[in-house]
Amino acid sequence: MSRAVKGTIVVEGQEITVSNPNKMLFPEMEITKAIFLQKLTVLSPWLMKHCQDRYLTTIRFPDGVHGKSFYQKNSPQPAPPFVHIDEHGGIQYVRLDSLPVLLWLGNLACIEYHASFDRISNPVKPTEWVLDLDPSVEEEPRIMEAASLVGDLLESLGIESVPKTSGATGVQIIVPLVQDMTFDELRVIGEFVGAYLSDRYPKLFTIERLKKNRGDLIYIDYLQHYEGKTIVAPYSPRARIGATVSTPLHWSEVRRGAAITDFNLLNITSRLEQEGDLLTQAAPQSLRSILSFITKK
């Protein structure tokens, strides 16, 4: 039996243990743990930005993406002294506030990073509104067409939005907000948008919550956006065969039919260098006038 390999790296003055650096996490892409940590380092400025001030849930794959996995809300133990904790609801959440913390989690095979919709500093009023387009089938060739229709409707309402691949099968539409509305108020708008699109495109969309009753329709999930719930963070890797990354897109890319699998750990660096963070392109806005219009009807 071969002995486990272990070493240390020093990042920002902190010593981090790296165990089994040659372990394959994504065999099809030939991404070892060492390569994964390198890619996390590249992603770190963007990934940490979108996890800041939020409760973090990770999904760990100790034996790679083909092995068993589990959700991790409480901080792994023992935690090094540079790890800070945010306690909420009896859970000790890791605060993703530095590259050493991210690499410590990466060494533990935390492949996916999911951030709470509610912010720690102001849990009542969110800084974005999100519609999650969730296919009912594993392979959904219409997902970008569906996203385009949602984007067109929002644009007709005067709402700026940014599409983001989930990195799995769906697309999320993100609307940056000024903090002047509650989750419940935004759900009213979400229900209106979802019902309208489902009525207009009944062979494409549904707001049926039970998956067994959706057939092959794309679920417009406006209920997920709520305090205590999470979304895969922008620029988080996903535990998929192709090592996909949840990636914000230009609307022009959506309309050209970009594939979710186009964006992965091996090519995301060049995209970020060229495009930067597309989520900063839409300015925070208020949807209160939209809510007033809907509730007056």
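Index from 1, following the sequence. Computed from a prediction, not measured in an experiment: that's the story for all the values here.
- Checked by atom type, the side-chain pair Thr182/Lys125 shows no donor-acceptor distance below 3.5 Å.
- Asp53 and Ser121 share a donor-acceptor pair across their side chains, judged by distance under 3.5 Å alone.
- Between Arg119 and Pro126 there is no side-chain heavy-atom pair separated by less than 4.5 Å.
- No continuous path of ILVMFWY side-chain contacts below 4.5 Å connects Val178 to Leu279, so the two sit in separate hydrophobic clusters.
- Val130 pairs by the side-chain contact (heavy atoms from CB on, under 4.5 Å) definition with Phe117, Glu128, Gln172, Ile174, His225, Ile231, not counting sequence neighbours.
- Within 6.0 Å of the CD atom in Glu155, the count of heavy atoms belonging to other residues, nucleotides or ligands does not exceed 12.
- Here OG1 of Thr244 is found 10.5 Å from CD1 of Ile268. Values are rounded to the nearest 0.5 Å.
- Residue pairs meeting the ring pair (Phe, Tyr, Trp, His ring centres under 6.0 Å) criterion with at least one member in residues 57-88, sequence neighbours excluded: Tyr55-His88.
- Residues Leu249 and Val171 have side chains not in contact (no heavy-atom distance under 4.5 Å, counting atoms from C-beta outward).
- Cluster membership for Leu265 and Val232, using ILVMFWY side-chain heavy atoms within less than 4.5 angstrom, is not shared.
- In this pair, Phe205 and Tyr201 present their aromatic rings perpendicular. The plane angle is above 60°, beyond the 30 to 60° band.
- Enclosure of atom CD in Glu28 by more than 12 non-hydrogen atoms of other residues, nucleotides or ligands within 6.0 angstrom is indicated.
- Cluster annotation: Ile59 is not connected to Ile260 through the hydrophobic network of ILVMFWY side chains, with a link wherever side-chain heavy atoms come within less than 4.5 Å.
- Note on Leu131: it clusters hydrophobically with Val254, by side-chain heavy-atom contacts below 4.5 Å among ILVMFWY residues.
- Between Tyr113 atom OH and Leu105 atom CG the span is 5.0 Å, to the nearest 0.5 Å.
- Residue Trp46 holds its CH2 atom at 8.0 Å from CG of Leu43, rounded to the nearest 0.5 Å.
- Residues Glu138 and Thr169 meet the side-chain proximity criterion, which asks for heavy atoms closer than 4.5 Å.
- Legend: residues meeting side-chain contact (heavy atoms from CB on, under 4.5 Å) with Leu108, ordered by chain and number and at least two apart, are Arg60, Pro76, Trp104, Cys110.
- In this structure, Leu266 and Met29 have side chains that are in contact, with non-hydrogen atoms separated by less than 4.5 Å.
- Tracing side-chain contacts under 4.5 Å through hydrophobic residues (I, L, V, M, F, W, Y), one reaches Met144 starting from Ile173; they form part of the same cluster.
- Annotation: the span from Leu157 atom CG to Ile189 atom CD1 amounts to 9.0 Å, rounded to 0.5 Å.
- Atoms CD1 and CG, from Ile120 and Asn122 in turn, are 12.0 Å apart once rounded to the nearest 0.5 Å.
- Defined by atom type and a distance below 3.5 Å, a donor-acceptor pair is missing between the side-chain atoms of Lys6 and Ser19.
- Within 6.0 Å of atom CZ in Arg200, 12 or fewer heavy atoms from other residues, nucleotides or ligands are found, so the atom counts as exposed in its surroundings.
- Residues satisfying the side-chain contact (heavy atoms from CB on, under 4.5 Å) criterion with Tyr226, sequence neighbours excluded, are Phe183, Asp184, Arg187, Lys229.
- With Gln285 contributing its side chain and Glu160 its backbone, the two residues share a donor-acceptor pair below 3.5 Å.
- Not one N or O on the side chain of Ser198 forms a donor-acceptor pair closer than 3.5 Å with the backbone of Ala195.
- A side-chain hydrogen bond (donor to acceptor under 3.5 Å, both in side chains) check over residues 202-221, counting only residues at least two apart or in different chains, returns nothing.
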- Could you walk me through whether Ser286 and Asp180 pass side chain to side chain donor-acceptor pair (under 3.5 Å), step by step? CA-CA 7 Å; Ser286 175; Asp180 69 342; 2.6 Å; yes
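- Inter-residue side-chain proximity for Leu40 and Leu103 is flagged as met; some heavy-atom pair is nearer than 4.5 Å.
- Distance check, rounded to the nearest 0.5 Å: CG of Leu56 to NZ of Lys73 gives 9.5 Å.
- A side-chain hydrogen bond (donor to acceptor under 3.5 Å, both in side chains) check over residues 252-277, counting only residues at least two apart or in different chains, returns the pairs Lys49-Asp277, His50-Asp277, Asp152-Arg255, Tyr235-Asp277, His250-Glu275, Glu253-Arg271.
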